[in-house]
Amino acid sequence: MIKGTNFIGSETSSEGTEVLQATNPQDNQKLPETFAVATEAEIQRAMEKAQAAFLEYRNYSGKQKATFLDAIADEIMGLEDELIHRASAETGLPNGRFEGERGRTCNQLRMFADLLREGSWVDARIDTAQPDREPIPKADIRRMLFPLGPVVVFGASNFPLAFSTAGGDTASALAAGCPVIVKSHESHPGTNELVSRAILSAAEKTAMPCGVFSSLNGGPETGQKLVQHPTAKAVGFTGSFGGGKAIYDLAQQREEPIPVYAEMGSINPVFLLDEKLENSAEELAKQYAGSVTLGVGQFCTNPGILVAQAGEALNRFSTALAEELSDYEPACMLNSKIADSYRGHRSELLEQEGVKALCTPSSETGTLGGAAVATVSGEDFLKNEALHREVFGPSTLIVFCADETQRLQIAQQLEGQLTITFMGNDKELTAREELINICREKAGRIIFNGVPTGVEVCDSMHHGGPFPATTNGMYTSVGTAAVERFVRPIAFQDCPDDLLPDELQDENPLDILRMVDGVQTTKKIG
């Protein structure tokens, strides 16, 4: 049963008089439960508990933390249809979407559990002493990664499970050894409460310290107080550029600035190369219509621009894409704010000089969002920065390049992106080395002959990109490398062996892979 409380460690708390309610975007009706907005005192207690928990949790073994993460996955699965139905009611998305997203959420928790059990992720590096080295002796130096401290995680509007309460930011922070304080998203507080209860149940069953996880309700003011609290050591965020940049700026204004890992979306350009387009115009149109409208276009990897050389093949593609999108029935978006924003940004784009609409929705009401596609010349695209902005919804813009030179100019002018895609046969891809190399500097993931929507959760995934796609393109929010955001290296010089962490001791009791004197090995020292 949903009670509308905050969770301060294992304690439930509803001290304030201010409340918020979720709205079902399908009928724009308020859901019955009210959720207490966290007071300043509740925020303070949550942060104090997180810090106390950190002093204990940071020393837990990888196996202990892995057991905790596995237990969270078990508890989430144990919520069964209650979770699916609540997430659907708060977002307007179908049950099937959340069955898949729940699986992704639990799989990534188990993925981090496996990482912890294996143990080599701490990147242990050891250079043994050389006391007889000339002209000066060499000290024994040993280095590995350690957790930062309490992490503030903001729930995402478009992924209430996989990028929210128990999503990738929370899973990777807990794996790193950092307690987590979640600021629930205002659009799905009920989903957040159900998942929070699952996490806390898992924490109790696996004997985790009280305060290893807390969850607080509220709006921007609550988020601001969490980011500015001196106990917070890092922030995870997935959402809009405006929201992410505001959080980043707050964090840098602190007496002790802290890292903010904000994934803020992008236009995810797709370059359609000539021969591929000539041979597969209609097939590509069908493929990209599906990508543009997937999840009502509410993915950070939605293909916002499609770039190709003007000609008969591009004309065929544009006509086919418009026909495909014209058959798309307007669908419910996540909330009225997002629907209004989508329609507003789409209108702004269509009003720009040189932009011609090929397909726009005949009718949209309430939270419904319909598909749209427009065209613009490469020349107009290059001189108008407004055409480079993300339109968060089922819309895309086809850019008609005059020639290869102009295509290169467009690539050079792009801002940082999460993804850039190339559609072409092997021969023409090889011939576009200059174009691909330009784009390599602009994106975190380069895709060949696919669509950008869909992010595989695996060891090699990089879901990030140069600013403004993220605040730090060195790091990913998806995959096991996400744990690197919430750790820092510490080196020990000439430290007695029995004072070293297990990962750095001579005997290598955890049998992990380490770099010893420049060689990767699991062998003991001495």
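When reading the values below, keep in mind they use all heavy atoms of this one structure, side chains included, and skip hydrogens, waters and symmetry mates.
Taken from CE in M423 to CZ in F271, the straight-line distance is 13.5 Å, to the nearest 0.5 Å. For the atom pair OG of S164 and NZ of K183, the computed distance is 10.0 Å after rounding to the nearest 0.5 Å.
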Item to complete: Would you check, one step at a time, whether the test salt bridge (Lys or Arg N to Asp or Glu O under 4.0 Å) holds for E186 with K337?
Response: CA-CA 12 Å; E186 302 96 301; K337 181 179 178 181; over 6 Å; no
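Here the side chains of F98 and P160 are in contact, with some heavy-atom distance below 4.5 Å.
Minimum heavy-atom separation, K138 to T128: CE-O, 3.8 Å. Nearest heavy atoms, I258 versus V227: CD1-O, 4.0 Å. Considering all non-hydrogen atoms of both residues, C332 and V296 come closest at O-CG2, 3.5 Å.
At least one donor-acceptor pair under 3.5 Å links the side chain of T471 to the backbone N or O of V260.
For the salt bridge (charged side-chain N to carboxylate O under 4.0 Å, His left out) test, residues two or more places apart in sequence or in another chain that qualify with R254 are E256. For F163, the ring-ring contact (aromatic ring centres under 6.0 Å, His included) test picks out F159, with sequence neighbours left out. Under the salt bridge (charged side-chain N to carboxylate O under 4.0 Å, His left out) criterion, K205 pairs with E75, not counting sequence neighbours. Under the rule for a ring-ring contact (aromatic ring centres under 6.0 Å, His included), H463 has no partner lying at least two apart in sequence or in another chain.
A salt bridge links K225 with E40; the closest basic N to acidic carboxylate O contact falls under 4.0 Å. Remark: R110 does not engage D114 in a salt bridge, criterion side-chain N to carboxylate O under 4.0 Å. Under 4.0 Å is where a charged nitrogen must lie from a carboxylate oxygen, and between R45 and E15 at least one such pair does.
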Only distances under 3.5 Å count here; give the side-chain donor-acceptor pairs of residues 491-501 to other protein atoms, sequence neighbours excluded, each with its distance to 0.1 Å.
| from | atom 1 | to | atom 2 | distance (Å) |
| --- | --- | --- | --- | --- |
| D494 | OD1 | D140 | N | 3.0 |
| D497 | OD1 | D506 | N | 2.9 |

Only pairs under 3.5 Å count here: list side-chain donor-acceptor contacts from residues 46-57, not counting sequence neighbours, and write none if there are none.
| from | atom 1 | to | atom 2 | distance (Å) |
| --- | --- | --- | --- | --- |
| E48 | OE2 | Q44 | NE2 | 2.8 |
| K49 | NZ | I8 | O | 3.4 |
| E56 | OE2 | Y60 | OH | 2.9 |
| Y57 | OH | L174 | O | 2.8 |

